[in-house]
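Report on one structure; see the data block that follows.
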Protein chains: 2
Amino acid sequence: MAVRPDRSVASGTIAWTQVRDEIRARGLRWTAQRRRILEVLEATRGHVTGSELVERCRERDPATTPSTVYRTLDVLEELGYLSHSHSAAGREEFHVMPEAEHAHLQCRVCGRTWELDADEAESVVDPVARSHGFAADLGHLTILGRCAVCVSAEAAEPRLPA
Amino acid sequence: MAVRPDRSVASGTIAWTQVRDEIRARGLRWTAQRRRILEVLEATRGHVTGSELVERCRERDPATTPSTVYRTLDVLEELGYLSHSHSAAGREEFHVMPEAEHAHLQCRVCGRTWELDADEAESVVDPVARSHGFAADLGHLTILGRCAVCVSAEAAEPRLPA
DNA sequence: CACGCTATCGCAACACGTAGCGATAAGAGG
DNA sequence: CCTCTTATCGCTACGTGTTGCGATAGCGTG
Ligand SMILES: [Mn+2]
Ligand SMILES: [Mn+2]
Ligand SMILES: [Zn+2]
Ligand SMILES: [Zn+2]
């Protein structure tokens with residue numbers, strides 16, 4: 001559904017003049033609120049939650065309303081400028097224009113996360129593509145579990161050392 | 001972390017006398033509220049959200065409090081009698097004593113879900129086990145995407161038929 | 001530039017959980 | 001059966017989003 005437009009800028013950076021034009025071209029409207037959200041996104045790297053973005057918008061304009069921010073994030077995701085996955089807690093985490101689609105690994109013990117590049121993510125979902133004809137949304141995928149470090153820490157300390 | 005005790009009952013059924021005994025053995029307490037939640041779970045098949053369980057408890061006792069239900073669900077999951085994954089919307093979905101650990105496929109277009117048996121789920125997470133030493137939590141895994149039916153429907157109807 | 005359509009806004013109410021707190025009661029021990 | 005410890009309860013307030021609605025304001029058109 002989400003269309004990913006071509007981009008002429010460095011990866012990880014939103015070309016906001018392009019966003020503005022595309023929004024207008026679709027009969028949507030370029031508003032001060034949307035421009036502000038885009039500014040915040042421009043200054044954002046990596047993963048962010050919606051409430052973090054609301055907070056950052058409020059730093060620039062205390063009058064910022066959460067519903068406006070969340071609705072704009074929906075629009076931008078629909079247009080392909082954002083994607084999201086879910087943290088272990090189930091909360092949405094937005095990715096600002098990831099240079100390439102990637103999936104995630106998150107350790108439920110230490111909380112650290114890793115990104116799986118497109119190739120590796122592809123090899124993960126290959127079995128379901130073959131057996132079910134299922135077209136997985138790689139960017140949405142987060143695999144929860146225990147990382148190598150935490151697994152071996154558990155093995156070393158099977159019970160509380162009395 | 002969650003310990004999965006041996007069970008002598010049919011799969012998909014909670015042996016609530018065993019839950020009671022295990023709760024007491026751990027210094028926890030067997031209360032009327034917990035018994036009621038167990039009764040509701042006994043009558044439940046497949047996947048359920050927390051709010052659905054609150055609602056079903058209220059049918060039996062209108063005085064049911066959400067926080068009590070959610071806290072009990074946490075306890076039962078800790079003890080290994082429940083597991084949860086997340087729907088496309090990110091909400092928790094509980095599985096009552098699944099006969100075997102299984103992962104999920106969910107179509108974001110039609111909403112249907114499929115269960116991946118343990119073998120298939122294993123083959124999905126095998127690449128990350130090999131390359132990262134990552135021990136994935138299969139029961140928590142939901143792969144979102146488009147099912148075979150919806151993919152071919154899209155291909156057949158590339159644009160709105162004018 | 002003024003007009004009109006309607007997308008978007010802010011607000012208030014709601015939904016779903018979570019967390020802290022003082023009161024209650026489970027249940028172990030005598 | 002009484003006592004004591006403390007796990008659990010219900011309550012309230014909070015956090016994070018979502019939704020419906022009436023008012024506002026983009027922006028395409030003449
Ligand atoms: Mn979860
Ligand atoms: Mn999602
Ligand atoms: Zn870890
Ligand atoms: Zn489908």
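Keep in mind the model is a prediction, meaning the values are calculated, not measured. The sequence lines fix the lettering, A, B, ..., with proteins before strands; numbering per chain opens at 1.
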[atom1] of [X] versus [atom2] of [N]: gap in Å, rounded?
{"X": "A/E55", "N": "D/dG15", "atom1": "CD", "atom2": "C1'", "answer": "12 Å"}
{"X": "A/H84", "N": "D/dT18", "atom1": "NE2", "atom2": "C1'", "answer": "14 Å"}
{"X": "A/R36", "N": "C/dT8", "atom1": "CZ", "atom2": "P", "answer": "16 Å"}
{"X": "B/D21", "N": "C/dG27", "atom1": "CG", "atom2": "P", "answer": "11 Å"}
{"X": "A/R58", "N": "D/dG17", "atom1": "CZ", "atom2": "C1'", "answer": "13 Å"}
{"X": "B/L76", "N": "D/dT8", "atom1": "CG", "atom2": "P", "answer": "11 Å"}
{"X": "B/E22", "N": "C/dG27", "atom1": "CD", "atom2": "P", "answer": "15 Å"}
{"X": "A/L53", "N": "D/dG17", "atom1": "CG", "atom2": "P", "answer": "10 Å"}

Query raised in the report: OP1 or OP2 of D/dC9 less than 4.0 angstrom from a side-chain nitrogen or oxygen of B/T65, does that happen here?
Result: no
Requested in this report: Answer yes or no: does a side-chain N or O of B/Q33 lie under 4.0 Å from OP1 or OP2 of C/dA25?
Outcome: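 False: B/Q33 side-chain N/O out of range (4.0 Å or more) of C/dA25 OP1/OP2.
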Any donor-acceptor N/O pair, [X] side chain to [Y] backbone, under 3.5 Å:
{"X": "A/T65", "Y": "A/S67", "result": "no"}
{"X": "B/T142", "Y": "B/S87", "result": "no"}
{"X": "A/R45", "Y": "A/E42", "result": "yes"}

Query raised in the report: Quick one: which of B/L141, B/L138, B/L116, B/D117 gives a side chain to side chain contact (heavy atoms under 4.5 Å, CB included) with B/E101?
Result: B/L138
For a quick check under 3.5 Å, do [X] and [Y] share a side-chain donor-acceptor pair by atom type?
{"X": "B/H84", "Y": "B/E77", "answer": "yes"}
{"X": "A/H95", "Y": "A/S85", "answer": "yes"}
{"X": "B/R36", "Y": "B/T64", "answer": "no"}

Would you give me the side-chain donor-acceptor pairs under 3.5 Å for residues 121-128 of chain A, sequence neighbours excluded?
| residue | atom | partner | partner atom | Å |
| --- | --- | --- | --- | --- |
| A/S123 | OG | A/E120 | O | 2.7 |
| A/D126 | OD2 | A/R130 | NE | 2.7 |

Requested in this report: For this output row, return yes or no: ring centroids of A/H104 and A/H47 closer than 6.0 angstrom.
Outcome: yes
Report summary line: Reading nucleotides 24-30 of chain D from 5' to 3' and marking B where a protein heavy atom lies under 4.0 Å of the base, S where only the sugar-phosphate is that close, and - otherwise, the string is -BBS---
Report summary line: Contact string for nucleotides 16-22 of chain C, one letter per nucleotide 5' to 3', B = base within protein heavy-atom range under 4.0 Å, S = sugar-phosphate only, - = neither, reads SSSBB--
